[in-house]
J.: 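There's a structure below that I have some questions on.
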Amino acid sequence: MKYIIAAIKPYKLDEVREALTAVGVRGMMVSEIKGFGTQSGHTEIYRGAEYAVNFVPKVKIEIAVADTLADEVIETIRKVARTDKIGDGKIFVLDLEQALRVRTGETGDDAL
Amino acid sequence: MKYIIAAIKPYKLDEVREALTAVGVRGMMVSEIKGFGTQSGHTEIYRGAEYAVNFVPKVKIEIAVADTLADEVIETIRKVARTDKIGDGKIFVLDLEQALRVRTGETGDDAL
Amino acid sequence: MKYIIAAIKPYKLDEVREALTAVGVRGMMVSEIKGFGTQSGHTEIYRGAEYAVNFVPKVKIEIAVADTLADEVIETIRKVARTDKIGDGKIFVLDLEQALRVRTGETGDDAL
Amino acid sequence: MMKKAMGIGGLFALLGSLPAMAQDTAAEVAPIIDKGDVTWMMTASALVLFMTVPGLALFYGGLVRSKNMLSVMMQTTMIAAVVMIVWVLYGYSFAFGGSTSPYWGGLGKLFLAGVTPDSTAATFTDGVVLPEYVFIAFQMTFAAITPGLIIGAFAERAKFSGVLLFSVLWVTFIYFPIAHMVWDGAGLIFNMGAIDFAGGTVVHINAGVAALVWALVLGPRVGFGKDNMAPHSMTLTMVGAAMLWFGWFGFNAGSNLEATSGATLAMLNTFVCTAAAIVSWALVETITRGKASGLGAASGMVAGLVAITPACGTTGPVGAIILGLAVSPVCYFFVTTVKQKFGYDDSLDVFGVHGIGGIVGAIGTGILMAPGLGGMGGEDFAIGAQVMIQIKAVLITLLWSGVGSLILIYITKAITGIRVASDDERQGLDLTSHGESAYHS
Amino acid sequence: MMKKAMGIGGLFALLGSLPAMAQDTAAEVAPIIDKGDVTWMMTASALVLFMTVPGLALFYGGLVRSKNMLSVMMQTTMIAAVVMIVWVLYGYSFAFGGSTSPYWGGLGKLFLAGVTPDSTAATFTDGVVLPEYVFIAFQMTFAAITPGLIIGAFAERAKFSGVLLFSVLWVTFIYFPIAHMVWDGAGLIFNMGAIDFAGGTVVHINAGVAALVWALVLGPRVGFGKDNMAPHSMTLTMVGAAMLWFGWFGFNAGSNLEATSGATLAMLNTFVCTAAAIVSWALVETITRGKASGLGAASGMVAGLVAITPACGTTGPVGAIILGLAVSPVCYFFVTTVKQKFGYDDSLDVFGVHGIGGIVGAIGTGILMAPGLGGMGGEDFAIGAQVMIQIKAVLITLLWSGVGSLILIYITKAITGIRVASDDERQGLDLTSHGESAYHS
Amino acid sequence: MMKKAMGIGGLFALLGSLPAMAQDTAAEVAPIIDKGDVTWMMTASALVLFMTVPGLALFYGGLVRSKNMLSVMMQTTMIAAVVMIVWVLYGYSFAFGGSTSPYWGGLGKLFLAGVTPDSTAATFTDGVVLPEYVFIAFQMTFAAITPGLIIGAFAERAKFSGVLLFSVLWVTFIYFPIAHMVWDGAGLIFNMGAIDFAGGTVVHINAGVAALVWALVLGPRVGFGKDNMAPHSMTLTMVGAAMLWFGWFGFNAGSNLEATSGATLAMLNTFVCTAAAIVSWALVETITRGKASGLGAASGMVAGLVAITPACGTTGPVGAIILGLAVSPVCYFFVTTVKQKFGYDDSLDVFGVHGIGGIVGAIGTGILMAPGLGGMGGEDFAIGAQVMIQIKAVLITLLWSGVGSLILIYITKAITGIRVASDDERQGLDLTSHGESAYHS
Ligand SMILES: Nc1ncnc2c1ncn2[C@@H]1O[C@H](COP(=O)(O)OP(=O)(O)O)[C@@H](O)[C@H]1O
Ligand SMILES: Nc1ncnc2c1ncn2[C@@H]1O[C@H](COP(=O)(O)OP(=O)(O)O)[C@@H](O)[C@H]1O
Ligand SMILES: Nc1ncnc2c1ncn2[C@@H]1O[C@H](COP(=O)(O)OP(=O)(O)O)[C@@H](O)[C@H]1O
């Protein structure tokens with residue numbers, strides 16, 4: 001199994017989720033994060049006090065998938081999250097040793 | 001070492017934390033996330049504008065543990081987080097190459 | 001490639017980010033988390049109702065780096081995040097199989 | 001002075017038979033409407049609404065978890081709205097409809113029958129009247145906020161339809177009669193000589209007792225004593241408390257019905273008793289746990305406001321400070337020690353603050369009226385006698401509201417139910433009862 | 001009573017020629033300034049400011065996404081500030097400058113020329129006057145809030161400079177003339193005999209129509225119908241609505257210009273019509289979707305306040321309840337069904353609530369004034385005739401504001417532009433137009 | 001007009017010897033209490049409390065990081081509460097106790113000795129009086145808010161016990177004496193002929209200077225200039241600013257003590273000067289950094305309110321607009337350039353906005369009173385002479401408050417300490433000083 005982590009633009013989340021569901025993904029974890037990368041942040045000034053906000057709001061998605069599905073998932077995120085502007089995000093793939101569904105105790109691909 | 005990631009129901013967090021401490025876990029990282037899975041979200045209507053919220057609030061726990069402790073940790077989470085209702089969550093296990101305690105520089109199992 | 005996860009004290013974030021940029025890191029993901037560890041939390045009392053808050057605010061950083069850069073990144077975080085007080089945090093290193101830049105489709109080290 | 005001080009409770013005596021009187025005296029001396037009074041009573045009425053929404057809604061709302069924020073705001077708002085309609089339909093009549101019964105006002109003014117722009121309502125002062133509309137509006141705001149106070153007891157778990165049904169029943173059978181008893185010239189408690197300038201018994205003890213009964217009948221929230229139920233926004237709670245203070249000037253000084261020196265005394269007392277209660281709550285906290293908290297300051301603020309409510313017209317400013325210093329430790333003891341001991345979940349401490357604070361105020365009123373203590377009582381004022389009267393008034397209210405509320409809760413339970421399913425409670429009332437969330441990004 | 005009711009619209013008739021009149025009558029009977037009136041009008045003026053900031057700013061601000069919160073607050077604040085300056089420079093003159101034109105007030109009081117501490121403004125009652133300063137201040141607050149209502153239509157996407165330019169143009173060419181037409185003795189609509197006690201046409205229909213035109217011209221927000229655009233803080237929206245209610249007493253009862261029985265009627269109506277509209281919105285929601293929502297209660301609150309605005313001086317309290325019950329279902333139908341059908345993005349439902357609510361109120365005013373319905377009309381009052389006049393007044397406003405706003409939007413577009421770049425819209429106006437964020441940790 | 005304008009400062013002259021006077025004149029003409037005045041002063045008193053809590057608490061609280069939110073709210077609340085008690089005990093006496101000293105009011109009214117419901121306080125107008133209670137309450141609210149203004153300088157790092165101790169010392173040795181000097185008939189500055197209608201020197205310069213001294217003595221916050229210290233809720237800051245505006249009508253127009261034309265002028269000026277200052281701050285920002293910010297609008301709002309405070313009774317509306325346009329750029333220059341240059345951490349810019357704004361206002365008062373500029377000065381009014389007097393009053397205040405505050409800070413430091421441990425500062429004062437958090441989910 002693979003554990004896929006992706007950082008994407010927040011407004012792409014719903015589209016990505018729908019597309020992933022379509023290819024067979026049945027679950028994921030989503031967090032709001034602050035991204036740092038080539039895309040630059042912005043500056044805020046409050047009465048002369050200047051604060052450089054170096055982070056850009058991103059959404060992080062984590063998905064555990066069966067090996068067979070991994071490539072399709074990566075390809076799907078890639079296609080849907082892409083806007084061709086800096087800051088579109090990254091996809092990272094880790095090896096997943098084990099998965100377990102708390103409710104049933106199922107393990108492996110069955111747990112996903 | 002193993003890196004264990006679990007998504008559980010938010011109100012189970014304290015119970016899980018206590019149970020894990022009891023089996024010897026000495027640290028963890030907790031994030032509030034939006035979970036997507038079989039458990040369905042809900043719909044909110046604001047003056048006729050309908051928004052389907054497809055995500056369910058979950059808590060994500062990340063724990064680095066020694067290999068010897070891994071199974072017990074998994075079993076503990078499983079037992080305590082379980083309510084037998086859809087949405088109880090998932091446990092994922094990844095291999096952890098290295099761990100390091102910033103304060104002391106200890107590495108490996110000593111760092112956990 | 002390595003996937004480095006670190007929990008640090010929130011007010012160290014900017015310093016760490018700058019130091020990492022200096023050694024060549026070009027991106028990262030930052031989340032606000034609740035940390036549990038040796039550092040104890042605090043107690044809040046609201047009109048006689050006492051709540052033990054067992055968690056301490058931490059910041060989690062996730063960085064994907066080329067193998068060659070990994071040690072320097074770890075060392076940098078360690079040096080900069082360190083205050084020699086309990087709760088300075090942990091660094092975890094996982095193996096990263098694949099990385100991909102959504103915008104360009106680049107993979108591997110090029111994607112970082 | 002004696003005459004005036006004694007007359008304070010007497011103000012409302014005239015109201016029952018008002019229109020009749022207006023006709024009678026018309027032949028003699030035309031009663032005067034002073035625009036300064038009218039302005040003050042309009043201002044006061046607006047201020048009491050402001051206490052309810054957003055004041056009370058924020059004070060209570062900040063104290064619940066964010067998943068229940070809107071339910072608190074909705075309950076406060078909807079109760080006020082429904083009671084306002086009820087007030088016009090029959091509430092005003094039940095309370096001030098002109099009957100000579102000691103228990104209720106009768107049916108004489110259903111639908112505000114007979115009230116026109118020329119109708120007037122009496123004040124404390126002979127020959128000085130108000131347009132009846134503004135008296136109706138002012139008293140309406142009191143009726144609208146009182147059942148809203150109770151919701152703190154069953155916050156985060158009560159069923160919305162049950163809350164509304166209960167509120168209508170409660171004002172009908174508890175509030176309107178007690179308002180009549182305390183404030184109408186024909187009223188039972190009024191004729192005992194009890195002093196309740198702005199509604200310590202009618203509003204605060206009354207609501208506080210009902211709240212206690214609710215907490216006992218309903219049982220604690222799911223996870224009570226285990227989950228972290230810390231206030232989701234102490235900021236909003238402190239804002240709400242401050243708004244209550246601001247609005248309370250309308251409540252207390254407005255109860256004078258005229259912009260006289262008496263109103264300014266009520267106002268000054270409402271300032272300084274509250275200030276003293278804030279300080280004494282903070283002191284108790286500092287002594288017992290080493291730190292003064294924001295919730296402590298807000299609680300002291302409300303406790304002080306509650307305590308001065310019956311007393312504000314008859315106490316001197318230094319007496320008001322003493323009352324404020326006294327009320328907070330008592331309330332503190334109740335919400336920390338007594339409540340814990342008995343283990344009931346009066347979630348936002350309605351009984352501990354409004355009920356207990358109201359009782360302290362009612363009894364304090366009987367003491368601090370003494371001229372030797374700077375009060376406005378006459379030379380022949382006897383503390384002991386007055387305190388006995390005050391206690392009797394409190395007991396009647398405790399009994400009437402306690403037993404009455406208990407019955408009405410069970411009636412409500414039978415008709416609509418009073419508690420949501422525990423899964424809904426866990427998910428939060430905002431989503432499950434109202435279909436929305438208080439906060440999004 | 002008839003005379004008085006008819007005279008309500010006539011109040012402002014005297015204002016145009018006021019200073020002249022003051023001199024004339026000085027020889028005869030010295031007009032009286034009552035300090036009770038002065039206090040009331042100062043209080044009312046402060047209350048109407050409070051409606052604008054923080055009231056309206058929070059009511060609207062809570063409804064947008066957090067990335068646009070400050071833009072809403074800034075627009076409300078800056079529009080009010082700019083219009084206040086414009087008011088002193090020429091606005092007061094354009095509206096109440098004393099000309100005999102049916103369309104505008106002329107240039108007689110540019111820069112408040114000739115106004116001194118001794119200047120007075122007439123009231124409804126012969127011989128009773130106000131210091132002109134307070135009349136200027138009171139009317140100024142009306143001018144300052146009205147263009148602020150419009151911003152709900154183009155929230156989350158309009159260009160800040162365009163908003164300000166448009167607002168100045170709009171008050172100059174739409175608001176000041178219509179205020180003159182409705183409220184000045186020489187005014188076109190005034191002389192038709194239309195009743196608009198506190199500004200239902202001038203303020204609400206006027207702004208509502210402009211809002212509709214904006215929504216149509218500007219097009220929907222990026223992501224409209226796809227992204228989750230749920231209110232970022234229903235809490236703040238409910239707080240804002242409650243503040244509107246509180247301030248609206250100044251708006252409505254202040255429009256009586258005197259602290260008389262008439263003002264207290266306006267206040268009582270402003271209480272109970274609003275309460276009824278809250279209840280009826282909640283009922284409609286409960287019937288159609290099973291749950292009463294906080295946004296529903298807040299929307300009903302505002303709809304009720306809008307509806308009673310023209311009617312508050314001439315309707316009885318029971319009539320006000322009927323009006324409140326009636327207005328919410330109509331508005332609800334508009335904001336849910338009609339808007340969806342046509343697909344325009346009137347983001348915060350300015351047209352659906354203020355425009356439609358205003359029309360219901362204007363027509364309801366013509367009906368509920370009937371003495372048979374508890375209204376203040378005389379015996380010879382004819383519903384049909386009055387309703388026709390009311391409809392005519394509405395139509396004139398719709399036309400003037402509709403066509404005028406359309407032209408002004410295009411002029412604004414040509415000069416400053418009216419919409420931000422879509423990337424900026426996505427990132428949020430707070431950062432891109434104002435360089436800050438509403439919330440940090 | 002001259003007489004009246006000159007008399008404005010003279011109002012309080014009568015207060016010192018008030019009870020005596022009341023007895024004297026009783027034999028001649030009975031002084032009149034007008035209920036319109038009483039209503040206005042009660043309303044004004046309530047409004048000034050509203051400025052403090054929730055107004056100031058939110059304006060300041062929004063500007064700090066969320067971990068320090070409650071500490072700001074607590075400081076504002078507790079200072080107000082403690083000062084109210086002090087006011088009754090000895091503060092009123094120290095300020096207005098009737099002594100003939102130019103520096104303080106003496107001990108004649110400790111514990112409000114001798115004040116009864118029949119006591120009266122003089123107004124600007126001969127023969128018109130107020131119940132003394134309302135004068136006590138009104139002045140009390142001024143004393144309660146002023147030390148609260150200072151906390152902005154040491155926000156996020158001061159020790160709570162030290163803050164309270166300092167505040168008591170400060171009102172005792174700085175505020176009460178200066179209030180006496182400026183407003184009492186026997187007062188030093190009063191007798192110089194300085195005009196300070198509503199407290200520009202007593203309140204704003206006074207607090208502003210103390211704030212500057214604090215910032216210098218205490219040193220910057222941990223992480224200052226490095227960490228992101230952006231306001232945690234600009235929303236609340238803007239709400240707080242708007243509440244300040246609303247309440248300031250009580251502050252300024254209430255200072256007229258009567259509901260006369262003079263009060264309405266003060267109110268109109270408080271509207272338009274503020275509006276102009278909002279606009280000019282936004283303009284400066286637009287020019288210097290391309291965007292008008294919400295914090296800019298809020299800052300301009302407060303700067304305008306501060307500036308008009310001394311001037312509101314003697315300036316014409318157009319003059320008020322000019323004053324508003326002028327004040328913001330000066331304050332802007334201070335909070336951006338000067339502060340940065342000197343590097344002190346006046347965290348919420350108390351000196352930059354209140355101190356500098358107050359000075360601009362004090363001097364502007366001397367200029368804009370000129371009849372040629374639409375002001376209320378008489379024909380023989382000389383700008384130069386008046387400006388010199390104004391500057392002298394400012395200098396005395398700067399000196400007295402500057403030196404006095406310095407001494408009191410060191411006394412406080414010796415007794416309780418003035419700063420928390422840096423670990424506590426990092427964790428936030430809410431948890432470490434008050435044991436709670438402002439926000440939970
Ligand atoms: N090396 C990295 N490790 C972890 N996350 C990264 C890394 N590089 C980029 N990211 C994430 O991807 C987001 C987009 O990256 P960025 O460099 O801004 O644009 P792009 O992907 O178009 O090159 C960042 O905001 C960050 O969240
Ligand atoms: N076993 C673990 N797995 C995951 N995160 C951990 C673990 N142990 C500690 N942490 C994280 O590191 C933080 C610091 O750890 P703590 O034990 O408090 O101090 P120290 O690192 O100085 O020993 C914790 O708050 C938590 O976020
Ligand atoms: N494939 C997955 N990858 C990552 N997280 C998942 C995955 N499937 C489920 N989850 C997480 O587990 C939670 C519970 O899953 P769900 O399918 O709703 O219920 P159950 O675990 O009872 O089958 C989800 O909300 C999500 O956070």
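Residue numbering restarts at 1 for every chain, and letters A, B, ... go by the order of the sequence lines. Side chains are part of it too, since the values below use all heavy atoms of this structure and drop only hydrogens, waters and symmetry mates.
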J.: Would you list the atom pairs in which one atom of chain C and one of chain D form a donor-acceptor pair under 3.5 Å?
T.:
from: Arg47(C); atom 1: NE; to: Ser299(D); atom 2: OG; distance (Å): 2.7
from: Arg47(C); atom 1: NH1; to: Leu348(D); atom 2: O; distance (Å): 3.2
from: Arg47(C); atom 1: NH1; to: Asp349(D); atom 2: OD2; distance (Å): 3.1
from: Arg47(C); atom 1: NH2; to: Ser299(D); atom 2: OG; distance (Å): 3.2
from: Gly48(C); atom 1: O; to: Gln340(D); atom 2: NE2; distance (Å): 3.2

J.: Could you state the interatomic distance from CD1 (Ile150(D)) to CZ (Phe351(D)), rounded to the nearest 0.5 Å?
T.: 13.0 Å

J.: Do Leu295(D) and Leu63(D) make a side-chain contact, defined as non-hydrogen atoms from C-beta onward lying under 4.5 Å apart?
T.: yes

J.: With heavy-atom distances below 4.5 Å as the criterion, would you say the side chains of Asp110(C) and Thr104(C) are in contact?
T.: no

J.: Nearest 0.5 angstrom please: Met74(D) CE to Ile79(D) CD1, how far?
T.: 10.5 Å

J.: CG of Leu348(D) to CD1 of Ile151(D): how many Å apart, nearest 0.5 Å?
T.: 7.5 Å

J.: Between Gly352(D) and Cys331(D), what is the shortest heavy-atom contact and its length?
T.: O-SG, 3.4 Å

J.: Applying side chain to side chain donor-acceptor pair (under 3.5 Å), run through Lys9(C) and Gln39(C) and close with a yes or a no.
T.: CA-CA 11 Å; Lys9(C) 293 197 162 154; Gln39(C) 187 190 1; 5.5 Å; no

J.: Any sub-3.5 Å donor-acceptor pair from Arg26(C)'s side-chain atoms to Leu112(C)'s backbone N or O?
T.: yes

J.: When rounded to the nearest 0.5 angstrom, what is the spacing between CE in Met73(D) and CG in Leu70(D)?
T.: 7.5 Å

J.: Please report the interatomic distance NZ(Lys60(C)) to CE(Met29(C)), rounded to the nearest 0.5 Å.
T.: 8.5 Å

J.: Tell me which of these, Pro231(D), Gly296(D), Gly225(D), has more heavy-atom pairs under 4.5 Å with chain C than the rest.
T.: Pro231(D)

J.: Taking heavy atoms only and a threshold strictly under 4.5 Å, list by residue number the residues of residues 63-81 of chain C that touch chain D; give 'none' if the list is empty.
T.: none

J.: Counting heavy-atom pairs closer than 4.5 Å to chain D, which one of Ala49(C), Ala52(C), Gly48(C) comes out on top?
T.: Gly48(C)

J.: Which atoms of Met229(D) come close to chain C, meaning under 4.5 Å heavy atom to heavy atom: side chain ones, backbone ones, both, or neither?
T.: both

J.: Side chains of Leu323(D) and Val360(D), heavy atoms from C-beta outward: is any pair under 4.5 Å?
T.: yes

